[in-house]
Amino acid sequence: MNDNRPVGVFDSGLGGLTVLKEICKLLPNENLIYLGDTARVPYGSKSRETIIRYAKNNIKFLSSHNVKMVVVACNTASAYALPELLENECPVIGVVEGGVEAALKYGRCKWLRVGVIGTEATINSMAYTNELYKVRPGCKVITKACPLFVPLVEEGWVDKDITKMVAEEYLASFRGEVDCLILGCTHYPMLKGVISKTVGKQVRLIDSAKQTANLVKMFLLKHGLIKSQDSSKGEIKFFVTDSPKRSLEVSNRMLSGINLKYSGLVDIGP
Ligand code: DGL
């Protein structure tokens, strides 16, 4: 097995780098291409139709780089667009499945109380709630949209007082009410410290990134698409649709130690 084609990863902005990082750790030899649609972030306040159009544009761009599969490292696009994207020729996986699997792995009890936070679109789609009820019908699910978290992360403000105030406003009602909290937006793991302090240490934070990386590995192995693990270290190409300077600063901070090769500013359509 030695399929050198890259794995494509996209998000509306830089949040999907939390997923890319886990893929990199698990599959260091794979070549990766990341697209951050920084010109059009946030997706979370857009309509379903717009989110689907953006997601299709992103896949088209990644497919033009001959990717062997695409990881939709964006909960909003996964929640709304995944069924449409699966019709694509290129194999696609999202992040909702990984998030639900990770939450249920942690909590075996039938009456598990699960909190879910995400963008407005992700919460309105009910993607997490439906998936959780399907697998664990007795569980209690409490959801909350936290739209201001995304610009705070894109700005790199992960530990400012304003971020703590916003977290308190959004999350105080979860205290004592949930056993685990699904971070249903790939930007949110960057705020783990603040979120955990706000909801309390006893609430387990669930991040879909690791589980999604496991799903990528399983998919590549199952379909004979893996790049040989004896081969050289993979290369990570990094594309954005706006403002490369700030994106590179934030991404270097997020990825600490993982080298991205800035590969260009792209225009992927209206
Ligand atoms: N990081 C994305 C998500 O996981 C989207 C944030 C946004 O664009 O609103 O939902």
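Whatever order the structure lists them in is the order used to number ligands and atoms, beginning at 1. Source: prediction; values computed, not measured. All residue numbers in this chain count up from 1 along the given sequence.
Within ligand 1, counting atoms from 1 as listed, the ones closer than 4.0 Å to a heavy atom of Ser12 are 2 (C), 5 (C), 6 (C), 7 (C), 8 (O). Under a 4.0 Å criterion applied to the non-hydrogen atoms of Val41, ligand 1 contributes the atoms 8 (O). Atom numbering of ligand 1 starts at 1 in the shown order; those under 4.0 Å from a heavy atom of Gly44 are 7 (C), 8 (O), 9 (O). Shown in contact with Thr76 at under 4.0 Å from a heavy atom are these atoms of ligand 1, numbered in order with element: 3 (C), 5 (C), 10 (O). Each of the following atoms of ligand 1 lies closer than 4.0 Å to a heavy atom of Tyr43: 7 (C), 8 (O), 9 (O). Short contacts between ligand 1 and His187, defined as distances under 4.0 Å to a heavy atom of the residue, involve ligand atoms 1 (N), 2 (C), 6 (C).
No close placement of the Tyr43 and Tyr80 rings is indicated, their centers lying 6.0 Å or farther apart.
Heavy atoms of Cys74 approach ligand 1 to within less than 4.0 angstrom. At least one heavy atom of Cys185 sits closer than 4.0 Å to an atom of ligand 1.
A salt bridge between Glu169 and Lys144 is absent, with no side-chain N of the basic residue lying under 4.0 Å from a carboxylate O of the acidic one. Ion pairing between Glu249 and Arg246 fails under the 4.0 Å rule for side-chain N and carboxylate O. Taking a cutoff of 4.0 Å between a charged side-chain nitrogen and a carboxylate oxygen, Glu101 and Lys105 do not qualify as a salt bridge. A salt bridge links Lys68 with Glu30: at least one charged nitrogen is closer than 4.0 Å to a carboxylate oxygen.
By the criterion of a heavy-atom distance under 4.0 Å, neither the backbone nor the side chain of Val95 is placed next to ligand 1. When heavy-atom distances to ligand 1 are checked against a 4.0 Å cut-off, Val150 comes that close only through its side chain, counted from C-beta outward.
Among all protein heavy atoms, the one lying closest to atom 3 (C) of ligand 1 is Asn75 N, 3.2 Å. At the top of the distance list for atom 2 (C) of ligand 1, counting protein heavy atoms only, stands Asp11 OD1, 3.3 Å.
For the pair Tyr128 and Ile182, the minimum side-chain heavy-atom distance is below 4.5 Å.
Checking only distances, Ser45 never comes within under 3.5 Å of ligand 1, N or O to N or O.
Between His65 and Phe239, the ring planes lie tilted relative to each other; the angle falls in the 30° to 60° range.
Closest approach of Ile93 to Leu82, counting heavy atoms only: C-CD1, 4.3 Å.
A distance of 16.0 Å separates OH in Tyr54 from CD1 in Ile59, rounded to the nearest 0.5 Å.
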